[in-house]
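Just so you know, these numbers come straight off a predicted model, no measurement behind them. Values below: all heavy atoms of this structure, side chains included; hydrogens, waters and symmetry mates excluded.
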Amino acid sequence: MANGHERAHGRTPERNWTIHLVQHSHTDIGYTASQHEMLPAHLHYLDMALDCCDRTDGYPDEARFRWTCEAAWPVREYIRRRPSRQIDRLRARCSEGRIEPTALMFNMSEITPEAGLVASLQPIREINNALGIRIRTAMQNDVNGVAWAMADYLPPCGVRYLTMGVHRYRSVLPFKVPTAFWWESPSGSRMLAYRADHYLTGNWLGFNPESSLEHWISMGAADRPTPETSLAEYLASLEERGYPYSHLMVQYSGHETDNSHPSTEQCDLIRRWNETHDRIVLKSATAGEFLRWIEEHHGTGLPSLRVAWPDWWTDGFGSAARETGASRDAHAALSATNALLAMARVSGADIPDASITRLTETREQILFYDEHTFGSVDSVADPHSPHTCEQWSEKASYVWQGVQNSALVREEALGYLAPLSDAAMQPVARVYNTLNWTRTEPARLFIPFDVVPRGYAVKITDPDTGAACPAQVVCERPGDRPKETVLAYDRPAGRFVTFMAPAVPALGWKDFRIETGPEEDEDAPAEPLDIRTIENRWFSLALDDRTASVVSLRHRPTGRELVDTESQWRLGQVIFENFPVPEGACHDTGRVFRPEAFRRESARACHIERQERTALWQRVIFSCDFPGCTNPGGLRVEIRLWHEREQLDFVYHLRKEYSTSPEAVYVAFPFSGDGTELRYDGQGGEVMPGAGQVEGSSADWQTIQHYVRVADARGQTILSIPRVPLVQLGGLNLGAWQYVPEIPRPHVFSWVMNNYWWTNFRASQGGEWSWTCSLTSTEESSRAVAARFGAECHSPLIARLERVAKLETRSRILVTPGNVLAVEMRPERGGDGIILQLRELDGQDTTCRIEVPDGTSAPRMEEVDVTGRPLRPLPDPVRIPGFGVRFVRLALR
């Protein structure tokens, strides 16, 4: 019998309802307490969850305690760190559906590349095997976007469902109500996705005794709600807004906080409620139970959306530009190292599991940086507090440990590939290519003085032609300024030389001779450059020496002007932005974006520090004063046009002062074109802003992986910025809060850094930091061309000094045709094979051939899922659907 509560207060629901109450603990690695406290806490929570199951075994089924493990990481660690009796308890509760592990390692940000996402999903297989289950559900909470690649990766390993407990703070909320739909990858692989309300909605509705007033005061309420009143209002609101189902999932935590421990008090409430209510039934549930109900009762009628789901919150990673850039560098380095290990295994090297484990652990260190929790709750309100300082130190340590260990595992991999030859033989520059096409690109090599003596030029020759490769001595790091120059720098033990390495074979290596050239004249000036006529075969550019930028960039083969000459900003111009915080304003109110309040200015007092034509490029270096920097010369801009490469580079060095006032830095790229399409490389596919994304997902800014491109019938212009993932498209959009992005012109603004959040992210950043923006333009407008350029910018050739008995040019693995990208390849652990991750780039169903040159026999191939679990044998060649992904295992012995 209904007791009348549903009709007693305000709006009342008209239909009968079943509410699936899903209890979980939101996994913030930090924020509420320091990072080192998180894993011990969450391991204890699983112990407590098992006890909660025991205590409520005698309850009616709807009221028995159930627990959804929001993140896979604590479950994996629980299996590794708890005695067998506890694992047995967990296994039994998972089997009966009272505890549900989920698939995602953490609540991930959008800066992680595809290879990092694959690494983050490896716990699925370990958990499935240890507990004798199949994980069916992926859960991402708080973060309001998710990698598009998940719709490709998860279904083959049995994960059918995705639920997003979106936090709408500083974002726009997709859909008017909680919404279920079939979410499709670019290739059409799909899973059932559900945009839930906030992950603490149940707490705000009063389903725990200490529910705070904060949420309800913001809605005009004066008293703490009771579940009867608040739930009736909430359900009536859903009905009015068009929620179509009689069942609803409401997430909550045992207590109203992130990283909450479990509680059975809600089980008692459910039991009492169901004894006195019949129109609204409460049910303790797991997330998978509710999503299975949706699929069984409404699956055939759900809409299908083939769109990306970009995240509004990645902008916060601009509050630590140096560490974010280091994360992206390290991910690229680890993918290259995996390719080196795969080549070594194909070459017959015995790669022990310990080496693979070290690389895997290094990748996880980087993933802990990429995870969405950045720092303390009071990171901006009190930037000098012990909580803030400690949590940022721990957060930053993840990425710097990863950077350090990535260098070690790289050296380990190169050791397996080192030639076994007499140390007295001729030294060579061995150049490795870790991508699946032949490349002619610059490579950087350290040459000791005992190979080429001090005072003599370095000569590097191509064994195929006998011609000398264009080469020049460069500094160790772009930011170094020895002898007041960044051109010539001798370390005490030797020199770094950059040379153009032609025709380095795919997934292989090529040896170049190193010889001693003539004596160098250290006082000889570099060839002067006329800045009015900077051009190569492909580009002609004109500079603005007042703003250290490009006024005109003409593509010579087509005659196209690539710059919008009517734009307020020049190509490559650096912009400083800030806005005032009203005196006395709280951080969460004072940092609200008000478009009319933004102040923007650019470099000033620019002068040319160096202009020259060298063996490899023409370049102009500007020294400028810049707001927010340690001036004079707080900004240095190098504009570099390569001789033998269709590429223009902008290299920046910014010496930033620390400031907690809201501020940001951009680089402008106002491309020209009417009727052009602007697209960018997302996590798992190319995204067309607007039509190609979930409505209400991140529209004012985007996170790119490898490139953003502007294309029309005449060709395309491609921009790659390896260390800076954030962009704003069409204009400087802060404060627009667009539901669907509108891009009136193909202008790209690289968003280098900011400190615009009031919590979690950093309050300030300073010191000198360097980054490069690379640009090319082609007459061919295919996605494959853009993807290759972006991959080359992120994964440069690897050069190493070796001594060999015979020069070699070898490709160890061939993956063709050209519209297939080997995203990553790695040696499998516990076996003799390698696993390749392949993606088709141009939307064409393709047969892909995988070969091992010089192999004694053709390798056997089988398809595996993202975790390496075998699925089925594969024919040769392998079929890949347009935009599709295949994980292929090559059994080598």
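Under the 3.5 Å distance criterion, the side-chain polar atoms of Gln391 are left unmatched by any main-chain donor or acceptor of Ile29. Using a distance-only test at 3.5 Å, with no hydrogens or angles considered, a donor-acceptor pair links the side chain of Asn631 to the main chain of Gly634. Of the possible donor and acceptor atoms, none in the side chain of Ser34 sits under 3.5 Å from a partner among the backbone N and O of His36. Of the possible polar contacts, one joining the Ser319 side chain to the Gly316 backbone as a donor-acceptor pair under 3.5 Å is found. Of the possible polar contacts, none joining the Ser698 side chain to the Pro310 backbone as a donor-acceptor pair under 3.5 Å is found. A donor-acceptor pair under 3.5 Å is formed between the side chain of Thr357 and the backbone N or O of Asp353. With Gln705 contributing its side chain and Glu110 its backbone, the two residues share a donor-acceptor pair below 3.5 Å. Asp649 contributes no side-chain N or O that, together with a main-chain N or O of Ser774, makes up a donor-acceptor pair within less than 3.5 Å. Not one N or O on the side chain of Thr257 forms a donor-acceptor pair closer than 3.5 Å with the backbone of Ser260. At least one donor-acceptor pair closer than 3.5 Å links the side chain of Arg410 to the backbone N or O of Ala333.
The aromatic ring centroids of His255 and His261 lie less than 6.0 Å from each other. Note: Tyr398 and Phe368 meet the aromatic proximity criterion, with ring centroids under 6.0 Å apart. With ring centers used as reference points, His167 lies under 6.0 Å from Trp313.
Heavy atoms only, all atoms of each residue included: Met108 and Val143 are closest at O-CG1, 3.8 Å. Closest non-hydrogen pair, Asn755 versus Pro662, comes out as OD1-CA, 3.4 Å. Of all the heavy atoms in His42 and Pro74, the pair that sits closest is CB-CB, 3.9 Å. Closest approach of Gly165 and Gln251 over heavy atoms only: CA-OE1, 3.9 Å. Here the shortest heavy-atom pairing between Thr362 and Gly402 reads CG2-O, 3.4 Å. Contact record, Ala342 with Pro827: N-CD, 4.1 Å, taken as the closest heavy-atom pair.
Using a 3.5 Å distance cut-off with no hydrogens or angles, the side chains of Tyr252 and Gln23 do pair a donor with an acceptor. Counting only N and O atoms by type, the side chains of Thr867 and Gln122 include no donor and acceptor under 3.5 Å apart. Side chain to side chain, Glu37 and Asn259 fail the donor-acceptor criterion of an N or O pair below 3.5 Å. Defined by atom type and a distance below 3.5 Å, a donor-acceptor pair is present between the side-chain atoms of Gln837 and Tyr153. Side-chain contact annotation: Asp378 with Thr388, donor-acceptor N/O pair under 3.5 Å present.
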**Message:** One pair to check against ring-ring contact (aromatic ring centres under 6.0 Å, His included): Trp148 and Trp309. What are the steps and the verdict?
**Reply:** CA-CA 6 Å; Trp148 203 359; Trp309 199 333; over 10 Å; no
**Prompt:** Given the rule in the ring-ring contact (aromatic ring centres under 6.0 Å, His included) test, do Phe761 and Tyr756 qualify, once you have shown the distances and angles that lead to the verdict?
**Reply:** CA-CA 9 Å; Phe761 294 103; Tyr756 284 160; over 10 Å; no
**Request:** Decide yes or no on side chain to side chain contact (heavy atoms under 4.5 Å, CB included) for Leu359 and Leu334, but give the supporting numbers first.
**Result:** CA-CA 7 Å; Leu359 191 146; Leu334 290 171; 4.1 Å; yes
**Item:** Stepwise ring-ring contact (aromatic ring centres under 6.0 Å, His included) test for Phe374 and Phe317
**Value:** CA-CA 8 Å; Phe374 216 74; Phe317 279 78; 5.0 Å; yes
**Item:** Trace of the salt bridge (charged side-chain N to carboxylate O under 4.0 Å, His left out) decision for Glu126 with Arg80
**Value:** CA-CA 10 Å; Glu126 184 175 344; Arg80 293 179 176 181; 2.9 Å; yes
**Message:** Does Arg363 form a salt bridge (charged side-chain N to carboxylate O under 4.0 Å, His left out) with Glu824? I'd like the steps, not just the answer.
**Reply:** CA-CA 13 Å; Arg363 179 83 78 175; Glu824 190 178 56; 2.6 Å; yes
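Applying the side-chain hydrogen bond (donor to acceptor under 3.5 Å, both in side chains) test between His372 and each of Asp28, Asn760, Asn141, Asp311 identifies Asp28 as the sole match. Checked options Thr163, Val146, Thr102; the residue passing with Gln140 is Val146 (criterion: side chain to side chain contact (heavy atoms under 4.5 Å, CB included)). For the side-chain hydrogen bond (donor to acceptor under 3.5 Å, both in side chains) criterion with Asp370, the lone passing option out of Thr324, Thr112, Thr314 is Thr112.
Note that Arg170 lies in the cation-pi zone of Trp757, set by a 6.0 Å cut-off to the ring centre and a 45° limit from the axis.
Residues Glu70 and Leu104 fail the side-chain proximity criterion, which asks for heavy atoms closer than 4.5 Å. At a threshold of 4.5 Å between non-hydrogen side-chain atoms, the residues Leu39 and Trp73 count as touching. Asp329 has its side chain out of reach of Val403: every pair of non-hydrogen atoms, C-beta onward, lies at least 4.5 Å apart. Using a 4.5 Å heavy-atom cutoff, the side chains of Val651 and Trp771 are not in contact.
Salt bridge absent: Arg82 and Glu77 never bring a charged side-chain N and a carboxylate O closer than 4.0 Å. A salt bridge links Arg76 with Glu364; the closest basic N to acidic carboxylate O contact falls under 4.0 Å. A salt bridge links Glu411 and Arg800; the closest N-O separation between the charged side-chain nitrogens and carboxylate oxygens is under 4.0 Å. Residues Lys656 and Glu663 are paired through a salt bridge, judged by an N-O separation under 4.0 Å between the basic side chain and the carboxylate. Under the 4.0 Å criterion applied to side-chain N and carboxylate O atoms, Arg839 and Glu114 are assigned as salt-bridge partners.
Using a 30° and 60° split on the angle between ring planes, Phe650 and Tyr652 fall in the parallel class, below 30°.
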